[in-house]
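Note that these values count all heavy atoms, side chains included, but never hydrogens, waters or copies made by symmetry. Below, chains carry the letters A, B, ... as their sequence lines are ordered, and counting in each starts from 1. Worth saying up front: this structure is predicted, and the values here are computed from it rather than measured.
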2 protein chains.
Amino acid sequence: MTGLALPPQATQVGLAVDIAAFAMHGGELNVLLVQRGQLPHARDWALPGGFVQPGEELHEAALRELRTETTVQLEPRHLEQFYTFGEVGRDPRGRIVSVAHLAVLPHGTVSVSGGGHTLEAEWLSAHRPPRLAFDHQAILTRALLRLQLRLEYANLALEFLPDTFTLPELQGVYEAILDRQLDKRNFRKRLLAQSILTPSGERRSGVGRPAQLYRRAKNVRVAAL
Amino acid sequence: MTGLALPPQATQVGLAVDIAAFAMHGGELNVLLVQRGQLPHARDWALPGGFVQPGEELHEAALRELRTETTVQLEPRHLEQFYTFGEVGRDPRGRIVSVAHLAVLPHGTVSVSGGGHTLEAEWLSAHRPPRLAFDHQAILTRALLRLQLRLEYANLALEFLPDTFTLPELQGVYEAILDRQLDKRNFRKRLLAQSILTPSGERRSGVGRPAQLYRRAKNVRVAAL
DNA sequence: TCAAAAGTGTTCGTCGTACACCCATGT
DNA sequence: ACATGGGTGTACGACGAACACTTTTGA
């Protein structure tokens, strides 16, 4: 670091992050929402988020807000910035620019509750959410688009599931994210052809015929960008 | 707007925009670079950019910086934000977060020269640029990736050309952006099948056989996101 | 034996890719 | 006539979409 100073024309704005955190619950794609405890928009639902602190990286701020505004314990399996919302009038408190992030939380991330400045935190339907504060509906819509894009040519669906899972479960994740039904035979053919799955040898019992369990093949990573 | 104030924990950071502006010159994809006139990185090449002003939208700031740092007259045919660079140490002057934009300038945007705080502005090779200041090489690389993505399923290539153009010229734009050769027959088949082009009836003479001129079909718009 | 969920193959259309020769003009 | 760049068609493989019945288990 040199001793150079910020030039005077450097506009100072509030820098925030908002997080659209997704997880699967009961076959539905859910998004993590908090109920605001402060003005503006007190008692309205909103995406978790908050101001970036000095010296804090953007993704660190996103992780911190997830942990302090909700009681999510597990680390996100995936976290990426996807768009920056900076429209002048988007926040009544002044010029606040928000770098929006998309997070995928692993299976088992169930119990959440409010913390910090929030009254409550809940997993709610991502495709049919309640009315949201600020421009958070626009942020959520864009997050869903990005998630659907990623599904196709990264393998983000695996991040929603535990280590071992069945093909019908994986298909359920795809269907919940795309919000439409898929053909079972085509889905299996396509997924198995990618050879990103290895059968674990075990089977999962329940009602009906037991399903083969799979796990992520070695050397398979989530694609970037 | 209400009288609500920014909460005290709202970190103030410098908010900037940087622009990767592309155009075709002599069959090569060029990017608009400026030579810095100030520290840090004085005399180094950099992407045009600067601080967002109070009450100014992000895309307005990008347009303003293009106009003041260079003498580009024409309006960009396409302008989109593509990533926000906010790493703590990316600028020695302090915490500066930059919303990076991708711009496409139309054909005929040739003469540029420095203005404002820049010594010089030039169109230089986008795929083989000189050494760049700050993290601008990373920004440029990401801009190129985004441009290549857009090429496929928006029709951004048309924005690089004048109203009427020949198919070999359009193919040249594709090849310059993708930085590889394409097959002439396959290219024509694919483009004509999209029915986004209509023959203008005229032909362009020169050396060799005259080429059919095309123009963008009515009702064809550049796709969003 | 029945209900419930898992598993399996084929056909067809579309799309990308590889590949070589003739055509129209200016000099 | 020749050099220069424009224009054309076919064959093949890969991939996505549509579509119905059999298998395995627990109750």
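Salt bridge annotation for R43(B)-E120(B): absent, with no cationic side-chain nitrogen under 4.0 angstrom from a carboxylate oxygen. With respect to the salt-bridge test (charged N to carboxylate O, under 4.0 angstrom), the residues D44(A) and R36(A) do not qualify. Under 4.0 Å is where a charged nitrogen must lie from a carboxylate oxygen, and between R180(B) and E175(B) no such pair does. In this structure, R142(B) does not pair ionically with D18(B), as no charged nitrogen and carboxylate oxygen lie closer than 4.0 Å.
Atom CD in Q212(B) sits about 12 Å away from atom P in dT25(C), given to the nearest Å. Atom CD of Q181(B) and atom C1' of dG5(D) are 15 Å apart (whole Å). The nearest whole Å value for the distance from the CG atom in N186(A) to the P atom in dA6(C) is 17 Å. Rounded to an integer number of Å, the gap from NZ of K184(A) to C1' of dA4(C) is 11 Å. Note: CG (L182(A)) to P (dA17(D)) measures 9 Å, nearest angstrom. Taking atom CZ of R190(A) as the reference point, atom P of dA17(D) lies 7 Å away to the nearest angstrom. Taking atom CZ of residue F187(A) and atom P of nucleotide dC15(D), one finds them 17 Å apart after rounding to whole Å. Distance, R203(B) CZ to dT25(C) C1': 11 Å, rounded to whole Å.
When distances run from any side-chain atom of R185(B) to the nucleotides dT25(C), dT24(D), dG9(D), the shortest one goes to dG9(D).
Comparing P168(B) and D183(B) along DNA chain D, the residue whose closest nucleotide (by nearest heavy atom) sits nearer the 5' end is P168(B). Toward the 5′ end of DNA chain D lies the nearest nucleotide of G208(B), the other residue of the pair L213(B) and G208(B) mapping further downstream. Where R209(B) and A211(A) each meet DNA chain C at their nearest nucleotide, the meeting point lying more 5' is that of A211(A). Checking V207(A) against L167(A), the closest nucleotide of DNA chain C that is more toward the 5' end is the one next to V207(A).
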